[in-house]
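First up is the structure itself, then whatever we jot down about it.
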Amino acid sequence: MSETKDVVLEQEEQVVEAGVHHFSKEEEWVKPEDPLLLERLEWFKDQKLGLMMHWGPYSQLGLVESWALSDEDGDWSRDDIDWTDDMEHFKREYFDLNKTFNPIRFQPEEWAQMAADNGFKYFLFTTKHHDGFCMWDTHTTDYRITGKDTPFHTHKYADICRVLFDAFRAKGLGISAYFSKADWHTPYYWAPGMERGSHMWRGPSYDPHKYPWLWEKFVEFTHEQIMELLTNYGRIECLWLDAGWVREGRHGQDIRLGEVVERARQTTQPWLLSADRTVGGPYENIVTPEQTIPEHPMNIPWESCITVGNSFAFGFDDQYKSGRQLAHILLEVVSKGGNLALNVGPQPDGRLPKGAVRGIKALGEWLNTHGEGIYGTRICGPYFTKDWAFTQKQEINTVYAFRLYRNENEAVEAQVIIPYLEKVERVELVGTNDVISYQQTENGLVVDLPPSAVSGTAPITHTFKLLTSG
């Protein structure tokens with residue numbers, strides 16, 4: 001590989017490492033000027049919990065989505081490919097997965113009902129991952145869920161994006177559309193016969209500077225797909241863009257994103273938020289940490305996308321987080337100022353994995369009691385400590401203090417010290433509405449728990465509602 005390409009590949013690895021995207025810094029965030037977008041960002045910050053889904057033909061293999069197609073990423077993405085050593089043969093097999101994808105047990109209304117019942121406020125769905133397979137009825141390619149080669153194309157729910165978006169909207173959830181800016185199936189991006197030969201990486205197979213006409217074809221293709229989604233699929237709250245290496249200044253990969261986003265805002269979706277991941281600038285309205293939570297609070301719109309299991313796509317032997325684990329993740333995210341996009345990978349047959357649903361329902365049960373300290377809140381010092389998370393609703397002079405218990409066997413003390421040093425006028429225990437006695441000290445609030453809160457196994461949290469003097 002030439003020295004120039006070594007530099008470009010190093011840049012790409014700075015954006016994504018082992019499939020996990022890095023995230024933009026708080027100080028690099030660009031505040032929109034449009035009052036409507038600012039209003040929608042406040043709406044977004046109120047929501048706190050979204051349901052994310054990575055789903056496509058790749059779920060049939062139980063492998064990480066898309067990445068095994070990239071030879072440069074094979075060192076980490078091909079660990080489970082144990083049936084062949086011929087990666088060109090594997091790529092053909094992967095791209096042919098559309099010919100067997102037939103999720104006949106798909107029930108979009110039940111997915112939406114489960115989300116609504118368990119505290120989710122918006123839905124983030126992969127309309128297209130890097131492999132280029134479209135989960136909507138696009139007219140730009142036959143490589144789609146409604147294409148004649150895909151057996152599911154005759155099903156009543158064939159246009160998966162449409163039925164999901166409609167079902168979730170009907171339950172009051174906002175819609176966020178994941179869209180990969182890279183497309184490893186179209187010959188406009190991975191064009192055959194170029195200098196890379198068959199050895200592919202996550203970028204295009206050609207230099208867009210040398211083949212500007214071919215790159216322009218890809219830009220037109222991408223714009224047309226985005227506008228289909230933003231014109232024909234109802235209200236979309238956020239266009240959530242993956243593949244941060246596809247950007248101006250990266251090996252000539254400028255898709256003129258601002259042009260298509262502004263067109264959509266002017267014609268169909270004036271409220272549209274844009275999450276151009278890792279890119280920064282005016283079209284990264286929301287910063288998106290992946291499989292991680294920032295070390296410190298961030299006072300900008302941000303959203304951690306974290307999996308219920310170990311991976312984003314369905315895995316046959318995946319292990320799923322408990323309701324306690326999910327609640328504690330949500331608390332750390334929210335107390336640091338963010339939203340949680342909780343990802344579950346549906347099965348190839350169209351069902352949601354039972355282990356994931358168990359964890360989600362346990363989280364929903366906890367939220368049913370403690371959600372008042374989650375939704376519509378903002379950050380409040382001391383934010384998040386090992387054992388405590390704090391949120392606030394300034395408009396009603398209320399602070400919520402969550403005491404986290406890591407497991408059910410953890411000791412529950414009859415007296416706790418809430419590390420909150422501001423003056424309070426009243427303390428209540430959420431879930432009981434009991435007014436409880438407290439003392440204000442230099443170390444915080446010394447609170448006596450009622451006997452009913454101390455008996456039995458440790459709860460997920462004790463949540464204290466602190467009425468402040470404003």
Side-chain angles (χ1 to χ4, degrees), residues 26 31 35 38-50 119-122 172 293-294 296-304 327-340 363-364 366-405 413-450 452-453 459-470:
E26 179 178 5
K31 184 177 181 179
L38 293 174
E39 176 189 312
R40 297 312 295 163
L41 285 172
E42 290 303 311
W43 168 86
F44 174 79
K45 289 193 285 187
D46 284 342
Q47 306 310 298
K48 303 305 182 189
L49 183 61
F120 293 89
K121 300 301 181 183
Y122 61 97
I293 302 171
H296 303 291
M298 294 200 297
N299 198 19
I300 59 172
W302 63 273
E303 169 192 71
S304 275
H328 289 181
I329 289 169
L330 177 62
L331 281 167
E332 183 174 356
V333 168
V334 171
S335 65
K336 291 181 177 180
N339 286 13
L340 174 62
L363 172 63
W366 178 83
L367 279 166
N368 191 48
T369 298
H370 302 267
E372 66 171 277
I374 299 293
Y375 305 112
T377 61
R378 295 295 184 268
I379 55 175
C380 169
Y383 312 109
F384 184 82
T385 70
K386 179 183 176 183
D387 297 320
W388 291 89
F390 292 84
T391 64
Q392 68 173 333
K393 292 181 177 176
Q394 283 185 311
E395 67 278 6
I396 58 172
N397 297 327
T398 301
V399 169
Y400 294 90
F402 299 84
R403 170 60 164 93
L404 283 65
Y405 295 95
E413 304 292 340
Q415 189 176 77
V416 297
I417 301 176
I418 304 174
Y420 184 75
L421 301 180
E422 304 299 323
K423 181 173 175 54
V424 304
E425 298 180 346
R426 179 184 174 101
V427 178
E428 298 176 5
L429 186 63
V430 172
T432 65
N433 289 323
D434 289 342
V435 177
I436 55 180
S437 61
Y438 67 97
Q439 267 188 304
Q440 201 127 21
T441 73
E442 62 181 12
N443 295 320
L445 301 170
V446 180
V447 174
D448 295 312
L449 286 168
S452 60
I460 291 174
T461 64
H462 279 131
T463 305
F464 300 93
K465 185 175 182 177
L466 315 178
L467 278 68
T468 66
S469 55

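The basis for the numbers below is simple: all heavy atoms, side chains too, and nothing from hydrogens, waters or symmetry mates. We count residues from 1, following the sequence as given.
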Q.
Are there over 12 heavy-atom neighbours, none belonging to Glu42, within less than 6.0 Å of that residue's CD?
A. yes
Q. Minimum heavy-atom separation for Ile460 to Ala327, with atom names?
A. CG2-CB, 3.6 Å
Q) With Asn299, which residues qualify under side chain to side chain contact (heavy atoms under 4.5 Å, CB included), at least two apart? A) Glu26, Ile379
Q: Provide the closest heavy-atom pair for Arg426 versus Tyr438 in the form atom of the first, atom of the second, distance.
A: N-OH, 3.7 Å
Q: Applying ring-ring contact (aromatic ring centres under 6.0 Å, His included), name anything that partners Phe120, two or more places apart in sequence or on another chain.
A: none
Q: Taking all non-hydrogen atoms of both residues into account, name the closest pair between Thr398 and Thr468 and its distance.
A: N-OG1, 4.3 Å
Q.
Lys393: which residues meet the salt bridge (Lys or Arg N to Asp or Glu O under 4.0 Å) condition with it, sequence neighbours left out?
A. none
(Q) Can you tell me how far apart CG (Leu445) and CD1 (Ile436) are? Round to the nearest 0.5 Å. (A) 9.5 Å
Q) Can you list the residues that meet the ring-ring contact (aromatic ring centres under 6.0 Å, His included) rule with His370, with sequence neighbours excluded? A) Trp366
Could you pull out all donor-acceptor pairs under 3.5 Å where a side-chain atom in residues 416-424 meets a protein atom, sequence neighbours excluded?
none

Q) Roughly how far apart are Leu331 CG and Ile374 CD1, rounded to 0.5 Å? A) 4.5 Å
Q) Looking at residues at least two apart in the chain, or sitting in another chain, which of them share a ring-ring contact (aromatic ring centres under 6.0 Å, His included) with Phe390? A) none
Q.
Among residues at least two apart in sequence or on other chains, which ones pass salt bridge (Lys or Arg N to Asp or Glu O under 4.0 Å) with Lys121?
A. none
Q. Taking only residues two or more places apart in sequence, or in another chain, which ones meet Thr391 in a side chain to side chain contact (heavy atoms under 4.5 Å, CB included)?
A. Val334, Thr377, Tyr400, Phe402
Q: State which residues pass side chain to side chain contact (heavy atoms under 4.5 Å, CB included) with Thr432; sequence neighbours excluded, sorted by chain then number.
A: Leu429, Asp434
Q.
Show every salt bridge (Lys or Arg N to Asp or Glu O under 4.0 Å) that has at least one partner inside residues 395-405, sequence neighbours left out.
A. Arg403-Glu410
Q. Does the Glu332 side chain pair with the main chain of His328, one donor and one acceptor, at a distance under 3.5 Å?
A. no
Q: Give, for atom CE of Met298 and atom NZ of Lys336, the distance between the pair rounded to the nearest 0.5 Å.
A: 10.0 Å
**Q.** Considering all heavy atoms, the nearest Ala389-Leu404 contact
**A.** N-CD1, 3.9 Å
**Q.** salt bridge (Lys or Arg N to Asp or Glu O under 4.0 Å) partners for Asp46, two or more places apart
**A.** Arg378
Q: For Tyr122 and Phe44, indicate whether the former's side chain and the latter's backbone hold a donor-acceptor pair under 3.5 Å.
A: no
(Q) Please report the interatomic distance CG(Leu340) to CD1(Ile293), rounded to the nearest 0.5 Å. (A) 7.5 Å
Q) How many angstroms lie between atom CG of Leu449 and atom CD of Glu413, to the nearest 0.5 angstrom? A) 9.5 Å
Q) Of all heavy-atom pairs between Val446 and Gln415, which one has the smallest distance, and what is that distance? A) CG1-CD, 3.4 Å
Q) Rounded to the nearest 0.5 Å, how far apart are NZ of Lys48 and CG of Leu330? A) 9.5 Å
Q.
Quick check: closest heavy atoms across Leu466 and Ala401, and the distance to 0.1 Å?
A. CD1-CB, 4.3 Å
Q: For Pro459, check side chain to side chain contact (heavy atoms under 4.5 Å, CB included) against everything at least two apart and list the hits.
A: Tyr405, Val412, His462
